[in-house]
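All values below were derived from every heavy atom in this structure, side-chain atoms included, with hydrogens, water molecules and symmetry-related copies excluded. Whatever order the structure lists them in is the order used to number ligands and atoms, beginning at 1.
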Amino acid sequence: MQFKMIQPDDCHLHVRSGAALKSIIGMTVAQMGRAIIMPNLNSPVTNATQARIYKEEILSVLPKGSKFNPLMVLYLTDNTTSKDIQEAIDSGVVAAKLYPVGVTTNSDGGVTNITKLYPTLESMQKLGMLLLMHGEVTRNEVDIFDREAVFIDEVLNQVVNNFPELKIVFEHITTKDAVDFVLTSHHKIAATITPHHLLANRNDMLVGGIKPHYFCLPVLKRKNPHQLALLYAATSGNTKFFLGTDSAPHAKTDKESACGCAGIFTAHCAIELYATAFERQNALDKLEGFASKFGADFYNLPHNTQTITLKKQDWVVPASYPFAHSDIVPFMATKTLGWKLI
Ligand code: DOR
Ligand code: ZN
């Protein structure tokens with residue numbers, strides 16, 4: 001059995017830079033027409049010039065003849081101005097990303113208090129620039145499993161109320177609270193859902209020993225009600241939910257460490273992972289909308305004109321891939337998947 005679908009877009013992707021970028025970009029190019037490129041490099045992409053340089057770097061390492069289109073994102077800091085937003089738009093940047101300070105990898109330069117950025121959000125609203133949010137609070141006293149729900153109460157609600165015309169993507173949602181928030185909010189609020197949050201829950205990470213390759217942020221939650229709510233949302237056909245892998249490569253040694261990095265690498269078989277989740281829900285007919293239409297529509301982009309073909313075929317995910325000057329352990333390493341991109 002096989003089926004064809006419009007080529008998907010990855011609406012949330014980390015590709016890093018330098019040798020790391022070179023070693024993994026081909027995997028995304030083989031699957032996706034475009035990707036929304038996250039700006040949290042060691043030295044974050046905080047202005048239009050850096051976005052242009054980063055885009056050029058990505059284009060320079062694409063396989064010959066590739067039509068893959070990296071779409072660039074600005075990293076918001078306390079000092080991002082309306083002028084920065086205008087310059088970013090003028091150079092083709094498609095969105096700006098909120099990382100609350102300290103929330104994840106390379107977020108030390110992130111935003112300390114969103115209200116400081118309200119004048120900038122005002123301009124984004126006026127200019128039609130999308131706001132992408134890592135939706136977790138970082139206060140020490142808030143339990144790590146509650147940080148997304150508290151973010152909705154303390155931050156997201158206020159932003160949505162103060163900026164009713166601002167388009168927002170609530171990134172990599174992980175809870176029923178987030179699903180419900182998106183479902184009940186107006187049409188300018190959407191969310192990305194990762195393959196690992198569809199296929200795994202916190203038991204996968206913690207039962208039988210701690211599994212660092214299942215550690216990401218926001219952290220995996222419980223199956224019921226959270227993973228189940230995500231599966232429902234992704235496969236519902238609701239246009240507010242779309243594909244964003246949050247594939248976040250880290251070297252094996254940086255993950256298998258006393259203080260392991262957050263991030264799960266899924267770019268090697270992103271669409272196969274989603275197909276696996278959708279098939280389990282008996283909803284393969286909903287995959288094309290989620291993967292190839294709803295994200296593009298939200299970003300006001302045309303659908304890709306190429307197609308891809310997925311075949312029902314067992315294959316074993318490799319134990320590792322080369323990564324920069326070392327190697328990386330992919331999601332589902334050594335496990336058998338039932339779908340293959342051909
Ligand atoms: O697990 C994660 N890894 N979550 C993020 O938000 C960032 C990412 C990364 O860049 O490593
Ligand atoms: Zn991310």
S.K.: Cationic tip of K221 within the cone over F145's six-membered ring, i.e. under 6.0 Å and within 45° of the normal?
M.R.: no
S.K.: Do NZ/NE/NH1/NH2 and the carboxylate oxygens of K126 and E122 come within less than 4.0 Å?
M.R.: no
S.K.: Between the Zn ion (ligand 2) and H134, is there an N, O or S atom separated by less than 2.8 Å?
M.R.: no
S.K.: Has D246 got an N, O or S atom lying less than 2.8 Å from the Zn ion (ligand 2)?
M.R.: yes
S.K.: So, is H12 placed with an N/O/S atom under 2.8 Å from the Zn ion (ligand 2), counting both backbone and side chain?
M.R.: yes
S.K.: Taking the six-membered ring of W339, is the NZ or CZ of K311 close enough (under 6.0 Å from the centre) and on axis enough (within 45°)?
M.R.: no
S.K.: Check each protein residue for a heavy atom under 4.0 Å from ligand 1 and list those that pass, ordered by chain and number.
M.R.: H14, R16, N40, T104, T105, H134, H172, C216, L217, D246, A248, H250, A262, G263
S.K.: Indicate whether any N or O donor in one side chain lies under 3.5 Å from an N or O acceptor in the other, for Q2 and Q313.
M.R.: no
S.K.: Just verifying a value: how many Å separate S236 OG and F290 CZ, rounded to the nearest 0.5 Å?
M.R.: 9.5 Å
S.K.: Testing D246, T245, I37 for side chain to side chain contact (heavy atoms under 4.5 Å, CB included) with D10, which one passes?
M.R.: T245
S.K.: Starting at CG of L121, measure out to OG1 of T115 and round the result to the nearest 0.5 Å.
M.R.: 10.0 Å
